[in-house]
Amino acid sequence: MADFLPLLLAAGDNSTVIAIAMIGLAGIGAQWVAWRTGLPAIALMLVAGVLLGPVFGLVRPEEQFGDLVEPAVNLAVAIILFEGGLSLRFNELNKTGGAVPRLTLIGVPVGWGLGSLALYYIAGLVWPVAILFAGILVVTGPTVIIPLLRQTNLAQRPRAILKWEGIVNDPIGALLAVVTYEFLLQQQQGQGFLDNIIGLAVATAAAGAVGYGAAKAVAYTFPRGLVPEFLKAPVLFVIVLATFVLSNWVQQETGLLAVTVMGIVLANSHLSSARTYLPFKENITIILVSGVFVLLSASLSGEDIAQFEGRFVLFLLALLFLVRPLTVLISLLFSQVPWKERLYIAWIAPRGIVAVAIAGLFALRLDEIGYGDGTLLVTLSFAVVAATIVAHGFTAKPLARLLNLNGPESNGVLIVGTTPFSLQLAKTLRDLDVPVMIADTSWQRLGSARAEKLPTFHGEILAEATEEELDFNQFQVLVATTANEAYNALVCSEFAPEIGSDAVYQLGDAAGDDPHALPMSLRGRALFHTGHGVEDVADHVSRGWVMMPIELTLRLDNEMMRGALPEEAEPLFVLREDGRLRFFTHATRPEGRPGDTIVIYVPPGTRNPREIILPDADEDGAEAGMRDPGDEIEES
């Protein structure tokens, strides 16, 4: 089979199309496997690219795509950096304790200098090539940091610092490489370096102005209806590409700075139409990160691997354990960032697409002006990417746990609306050790929740400012329980893309055959398999209905439990042993397994089935201890 596939790819004009499809499948497949297994996505994408390229020869970028590889990668990196800039809010920067300016103004020069020393004395590169490559290595980049943070439950401040550093330092690394290359070129041509530096500074300022101007043009035209809704995402996409190309035309490699500035300015312009194109940009970025990372990994050749020497291993160790830690610790000296966070940031610095792409570009240019060590940059850049991805990708989560830097667990429940029913639900979840929070616009209504010592959030959950104040990563489920069914549907529709369409629930009838009801596509899942509406639940509360948790065992299964309950009792949710919640809805009826807890909404006076079926069981559920773990059934 391994011999047949290369023959298939080489046959006919479809080989390039097949290669593109395989790159897409490998990249997105790696992301999916990472989501299912918890393994680092960046490590899986690297492995997928190496398997497709050097190992099996299924994808051969230089042969199949030719001269299109470099411009395609450059444009993809531009879009990725722009989307990263869109996630940078200045109010978040204010919460980093001044770490980001320090890592840029102090960390970049320190990292550049230490990296140059390590490349010269340990890796054995000549000074010019060492200085140029050390400039490239100051980058971390959103292509690797964002997937890593997505899978790491990290506290807010170190998460923000790593994200800002990765996005801001990417174009800076490219500019440092440009400065070094231009210096070497000017030396050979006998021109004055000072004039070149002044020209580069002017070009950099111009790039920033181009990015700022493009952002302001979008911020002016979009809200005023000068661009129709259906064209906003495509127009923005084209403007990003035009900004990148225009800036690069003025000065090579300044395009990355221009698109980053454009993204940051747009992110802080508070456009009302931003929600119409942000999901599109995020989806495109995931595809580009996956595809480009696999493409570049597949482009690694046997010659590149053969150039790897033993001294490079020592350099990689120095980069991991000396250069990066010293850079961060020196930069954050006397800062407000706690020591645990400094140590974590000092370790986490994976390199990705930008480092490989820029190193490959300058390897050719250095070779053209007579620096032979330039050919080693491709080998070294891939070695740095592989080493940092493996080292940081597999240790990010354990180290955060060791240093107690984990953010809120993502198994909580956000309840929108303070009602007697929502208070019942919140107290039941709290008693089952499930983190819960009630959000409401009314401080007075939240008084009853505060009296029960329940966590609360006062404010409009749909407001843009709420996204900055409340970390939604801590919630696995959202339940909208206000008295307004249309508002409940709006909340579920808004947060379905973020939390998951299968994890947003609401009170309100499931619509049935009513042609005037809200369509199902706009609603959350209706709680209870009967789809009880707000009035139905309010009636139950007034008549004294309560929520009854029942732990299932091998001796108390679903059928026995239901047989001991009144016919009108309504199952509400299942709490799995691993902390996952599954609500009963009009469309789904999750099955309880031994060890799960089912919460039933029952009329007053209902006896717990455990008291009837298992009269000898103690209050702590000793019957559960009689289970044979080998008999448990895993949920599909």
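When reading the values below, keep in mind they use all heavy atoms of this one structure, side chains included, and skip hydrogens, waters and symmetry mates. By convention here, the first residue in the shown sequence is residue 1. All of these numbers come straight from a predicted model, not from anything done at the bench.
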| query | With side chains defined as the heavy atoms from C-beta onward, is the minimum distance between Gln506 and Val491 less than 4.5 Å? | reply | no
| Flag side-chain contact, heavy atom, 4.5 Å: Gln31 against Met45 | yes
| So do Ile499 and Val477 actually touch side chain to side chain, heavy atoms under 4.5 Å? | no
| request: Please examine the side chains of Leu162 and Thr140, heavy atoms only from C-beta on, and report whether any two atoms are closer than 4.5 Å. | output: no
| query | Where the side chain of Ser493 meets the backbone of Ala489, is there a donor-acceptor pair that is under 3.5 Å apart? | reply | no
| Any Thr597 side-chain heavy atom under 4.5 Å of Leu552 side chain | no
| message | Evaluate Leu462 against Phe495 for side chain to side chain contact (heavy atoms under 4.5 Å, CB included), listing each step before the verdict. | response | CA-CA 9 Å; Leu462 297 174; Phe495 288 100; 4.0 Å; yes
| field | Arg342 side chain near Leu329 side chain, heavy-atom distance below 4.5 Å | value | yes
| query | Quick one: does NZ or CZ of Arg450 land under 6.0 Å from the six-membered ring centre of Trp443, within 45 degrees of the ring axis? | reply | yes
| request: I would like to know whether Lys427 and Asp431 meet salt bridge (charged side-chain N to carboxylate O under 4.0 Å, His left out); could you show each step before the answer? | output: CA-CA 6 Å; Lys427 288 188 289 184; Asp431 293 342; over 6 Å; no
| Heavy-atom side-chain proximity of Thr456 to Asp440 below 4.5 angstrom | no
| message | So that I know where these two stand, are Phe321 and Trp347 an aromatic pair - ring centroids less than 6.0 Å apart? | response | yes
| task | Measure up the Phe573 and Phe583 rings against each other and bin them: parallel (under 30°), tilted (30 to 60°), perpendicular (over 60°). | result | tilted
| Which of these, Val537, Leu507, Thr585, sits in a side-chain contact (heavy atoms from CB on, under 4.5 Å) with Leu527? | Leu507
| Is there side-chain contact between Lys340 and Pro158, with heavy atoms separated by less than 4.5 Å? | no
| said: Before we go on, tell me: are the rings of Phe584 and Tyr505 under 6.0 Å apart, centre to centre? | reply: no
